[in-house]
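First the proteins, then the strands, lettered A, B, ... as listed; each starts at 1.
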Amino acid sequence: MNQKPSIRVLLVDDEENLLEYLSKRLLKQGFSVKATFSGEEALGAAQEGHYDVAVVDLKMPEMDGVETQKRLKDMQPLLQCIVLTGHGSIETALESGQRDAFQYLLKPVDYDNLVTVIKQAYDKKVELQRSKFAEQLEEVHRAGLGAHGLRKAIKELREIYGIE
Amino acid sequence: MESNSSFLTEVQKVTRELTSYKIELEQTRGYLQCILQNAADMIFATDVDGILISFSKGGERVLGYSWEEVAGIPIKDFAEDPGSFERLMAACQEEGCAAGPDVRFRHKEGERVHCNVSLMDLKNREGERVCTVGICQDMTQWKKLQEDLVRVDRLAEIGRIASGVAHEINNPVAVIGEASGWAGEVIADAKGLSPEDRGELEKVVDEIHNQTKRCRNITHKLLAFARDSAPTKGEFDVHELITETISFLKPELKYTRIQLDVNFSEGSLVVNSDRRLLEQVFVNLITNAIHAVLEKGHDDRRIEIRTSKANSDVEISVKDNGVGIPEENRTKIFKLFYTTKPVGKGTGLGLPICQSIVENLGGTIAFESTVGEGTVFTIHLPVS
């Protein structure tokens, strides 16, 4: 595998126009992008596929960014979430104890900055993934399974951690 | 003889009693005079027809008329609505007393005076009404304060709305930013564009990008300033804060042709204090300086901000060459709601609040001014 796998980005924002252009730009730059326009939709997407980084708008009707982010992480614990917020909302988000995001960015975001942060979030995810995977691999080995059992276990692990 | 001397004794006894009654009466009169002279409230008495037969010193202050001027005039004539005052007196007649929580009188000089009126009927031994006594508390200041509070609340509401607007604007600005970025990508890949066209398009896309950044800065500054947060104690550089404040006030300075000089002391000026509150003070002082300079209307428009450090103290001064503060206003400018600006343009809150903030932070604020030449406000703050 000589080509780096493309970073899988899940976008969540009720502003459809914004996501249209943001998706196009990210796609052109080599990211793999899925745009969703609500918390519910995002959860549906997370059900179907694996993502490395999510970019979530804080203020959305019905399910807000904080809850969406929490539920996404329940489904995919290693998913790194970048939360977009209008001025002043950062404090409220932090105060409510929701510190699970990888980073909070102020809207309107600077595109280049967003790309940099996405890459940083991805690096973090890869790191976490590697160490978790290594841990579990150790356990599997210690469990003393035969070659077939090992292959199966490793395949399962790969699925869990979204490693192709 | 016997009957003669007992008669004499009787007469002496009666005379002594009379004298002691006279003394008591004098003392009571004196006591009453004291009260009437001293009370700030307007205290009056009318006969059964509502005509003034007594009027206290306080009354002279409240209504502006002397006793001589009001004697013999029905009290209701001084009320803005004599009819309703008459009804109040009638109620007093019925019940023996009556209260009028907001009675409007007219001052001799024409202003409206709000009074809290309390009436009581005085009866003689036969139970007949002899006179009505009224005590009126001047509430005009209180009423003014209430009106000002309403005004201030409305200004606060406008501030809230402005924040909301700034928030809302960020959304379409974000879309413009992304769309223009995408346009840049498409142009980069487009084939068949002449070099001039390509150059022109790239320039345009760049411009859009810059302007959206500008929108972002404006809204962020407004939102940062409007943020209603708890006091923040911390270390920060005063020079940095002043520079930021000036940048925030750029729209105020635009087209005013005011020369703003900044003379900072060497290096950074770090204090341990409340950044947001101090920012409010600087915004206030600089805005006042701008208005003073504009009011003067001269071509030579200068504002100078200076800082210096001395041991445990930090000194910041804002100097302008504007109209200056007249002598008679010098004591008033730190008073709540005092303003020289026309209605709707100034709240009269700026300086009193600045003073309150600075003093709460352990510092002092003072000023020097010369009419026609300018004013300088100086703040001293402890470093921590």
Inset, instruction - Kindly check if the number of other-residue, nucleotide or ligand heavy atoms within 6.0 Å of OH (Y111(A)) is above 12? - result: yes
Inset, instruction - Just give me the residue among G177(B), G184(B), G181(B), A183(B) that pairs up with chain A most often, heavy atom to heavy atom, under 4.5 Å. - result: G181(B)
Inset, instruction - Among the options A174(B), S180(B), C215(B), A179(B), pick out the one with the most heavy-atom pairs lying under 4.5 Å from chain A. - result: A179(B)
Inset, instruction - Could you pull out the closest heavy-atom pair between V173(B) and P108(A), with the gap in Å? - result: CG1-CG, 3.9 Å
Inset, instruction - Output the distance between atom CG (L22(A)) and atom CD (E178(B)), rounded to the nearest 0.5 Å. - result: 4.5 Å
Inset, instruction - For atom NZ of K132(A), decide whether the heavy atoms of other residues, nucleotides or ligands shown that lie under 6.0 angstrom number more than 12. - result: no
Inset, instruction - Please report the closest heavy-atom contact between V175(B) and N17(A), naming both atoms and the distance. - result: CG1-CB, 3.8 Å
Inset, instruction - Can you see which heavy atom on K107(A) is nearest to which on N171(B), and at what distance? - result: NZ-OD1, 3.7 Å
Inset, instruction - Could you tell me whether R198(B) atom CZ has more than 12 heavy atoms of other residues or ligands within 6.0 Å of it? - result: yes
Legend entry - Where L106(A) and R216(B) come nearest, the two heavy atoms and their spacing: O-NH2, 3.4 Å
Inset, instruction - Considering only heavy atoms, give the residues of residues 24-32 of chain A separated from chain B by less than 4.5 Å, sorted numerically, with 'none' for an empty result. - result: K24(A), R25(A), K28(A)
Inset, instruction - Taking atom CD of E157(B) as the centre, report whether more than 12 heavy atoms of other residues, nucleotides or ligands fall under 6.0 Å from it. - result: yes
